[in-house]
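To keep things clear, I will list the structure first and then write my remarks on it.
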Amino acid sequence: MFKIAVLVSGGGSNLQAIIDSIEKGHLNCSIEAVISDNEKAQAVERASKKGIPTYVLDKNSYSENFGDKVLEIIDGRVDLIVLAGFFSILKGKILSKFNNKIINIHPSLIPSFCGKGMYGIKVHEAVIKAGVKITGCSVHFVNEEIDGGAIILQRPVEVKFKDTPEELQKRVLKEEHNLLPEAIKLISQGRANIINGRTEII
Ligand code: GRF
């Protein structure tokens, strides 16, 4: 069975989408651990409710070696690390040990509206301010560059003139909930291969 760890910071609706996909039989994998950098994250509650082992790591105590702490928990136990609304930056050994085995979901069409400081509602505020007509979401591999790894899947979402950032966020999030389980499925089936910095889906 393909095994994953999910890293979270907040509401955990993407984690829920993964749990739902597994329960519906759409995704054949098991969540071995949910790790949060925020003890108040609703995501932790969602995981506990399903009997998934949860770990809360205080990001202030571990800031520089947060990745090492995560590695301690999951090394040898999982095939893939999924960042699902996880707002800390992973650094250090974990990136090389899990090279091309960490993915992240970002609520825009990378390489637009991403990078340092671009997370949460700020992304959608920037999208509206720029006046673009299409936004969306992306799942990508994680490397040392923020939102910089090879893109795996993207899905477009139309920006309506009267959208508030919150309304847009809601519509993008709905697409994220389909995209993230789909990406995990492709990887678990060995169908997403990085070639020269791009991902070929076979
Ligand atoms: C999502 O928009 C995700 O793309 C971003 O953070 C948000 C988390 O939402 N990285 P949730 O915690 O999964 O509900």
Side-chain angles (χ1 to χ4, degrees), residues 4-23 26-27 29 31 33-50 52 54-57 59 66-67 70 80-91 102-128 132 134-143 145-159 163-185 187:
I4 65 171
V6 184
L7 273 54
V8 294
S9 299
S13 67
N14 278 294
L15 167 68
Q16 191 65 51
I18 301 169
I19 294 172
D20 294 346
S21 285
I22 294 171
E23 287 184 348
H26 296 165
L27 185 59
C29 80
I31 305 175
V34 166
I35 303 174
S36 175
D37 62 359
N38 168 13
E39 60 174 350
K40 297 201 180 98
Q42 200 199 331
V44 175
E45 239 172 82
R46 293 183 196 259
S48 307
K49 223 189 250 173
K50 296 289 177 183
I52 300 166
T54 60
Y55 305 82
V56 177
L57 303 177
K59 70 172 164 211
F66 194 93
V70 173
L80 181 74
I81 300 172
V82 179
L83 311 188
F86 178 68
F87 298 141
S88 293
I89 309 289
L90 286 180
K91 292 180 195 153
I102 308 177
I103 64 170
N104 179 48
I105 179 129
H106 183 77
S108 77
L109 295 176
I110 290 172
S112 293
F113 307 103
C114 61
K116 200 167 189 295
M118 268 295 170
Y119 60 88
I121 199 73
K122 291 183 190 180
V123 176
H124 308 289
E125 285 167 355
V127 163
I128 289 174
V132 296
I134 304 284
T135 183
C137 47
S138 310
V139 179
H140 63 93
F141 287 105
V142 171
N143 60 15
E145 201 186 312
I146 301 174
D147 299 325
I151 296 162
I152 305 162
L153 290 176
Q154 292 188 303
R155 191 106 333 138
V157 171
E158 189 188 349
V159 183
D163 268 340
T164 62
E166 289 75 16
E167 284 165 343
L168 187 57
Q169 181 178 44
K170 219 166 150 188
R171 287 208 310 287
V172 172
L173 202 51
K174 209 166 154 219
E175 290 304 326
E176 292 182 39
H177 296 162
N178 298 320
L179 202 67
L180 187 55
E182 203 177 313
I184 298 169
K185 187 173 184 169
I187 294 168

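Being a predicted model, the structure only gives us computed values, none of them experimental. Indexing begins at 1, ligand by ligand and atom by atom, following the structure's order. Numbers here are sequence positions counted from 1.
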- Query: Which of the atoms in ligand 1, numbered in the order shown and given with their element, are less than 4.0 Å from a heavy-atom of I105?
  - Reply: 3 (C), 4 (O), 10 (N)
- Task: Assess whether side chain to side chain donor-acceptor pair (under 3.5 Å) is satisfied between N38 and S9, documenting all intermediate values.
- Result: CA-CA 5 Å; N38 168 13; S9 299; over 6 Å; no
- Query: With atoms numbered from 1 as shown, which atoms in ligand 1 lie under 4.0 angstrom from a non-hydrogen atom of G11?
  - Reply: 12 (O)
- Query: Does an N or O anywhere in S13 fall below 3.5 Å from an N or O of ligand 1?
  - Reply: yes
- In terms of residue, atom name and distance, what is the protein heavy atom nearest to atom 8 (C) of ligand 1? G85 CA, 3.5 Å
- Task: Please report the shortest heavy-atom distance between A183 and I152, naming the atom on each side.
- Result: CB-CG2, 4.4 Å
- Before signing off on this row, confirm whether L173 and ligand 1 have an N or O atom pair separated by under 3.5 Å. no
- What's the shortest heavy-atom distance between E158 and R171, and which atoms? O-NH2, 2.7 Å
- If you compare V123, I18, I121, N14 by their heavy atoms, the one closest to atom 9 (O) of ligand 1 turns out to be N14
- Task: Of all the heavy-atom pairs spanning R155 and L109, show the shortest one and how long it is.
- Result: O-CD2, 3.7 Å
- Minimum-distance pair of heavy atoms, taken over all atoms of V123 and P107: CG1-O, 3.5 Å
- Note on the structure: Correct closest heavy-atom pair for V142 and I103 would be CG2-C, 3.9 Å
- Query: How far is atom 12 (O) of ligand 1 from its nearest protein heavy atom, and which residue and atom is that?
  - Reply: G12 N, 2.8 Å
- Message: For atom 2 (O) of ligand 1, what is the closest protein heavy atom, and at what distance to 0.1 Å?
- Response: E176 OE2, 2.9 Å
- Item | L15 versus A43, closest heavy-atom pair with distance | CD2-O, 3.5 Å
- Does F87 have a heavy atom less than 4.0 Å from any atom of ligand 1? yes
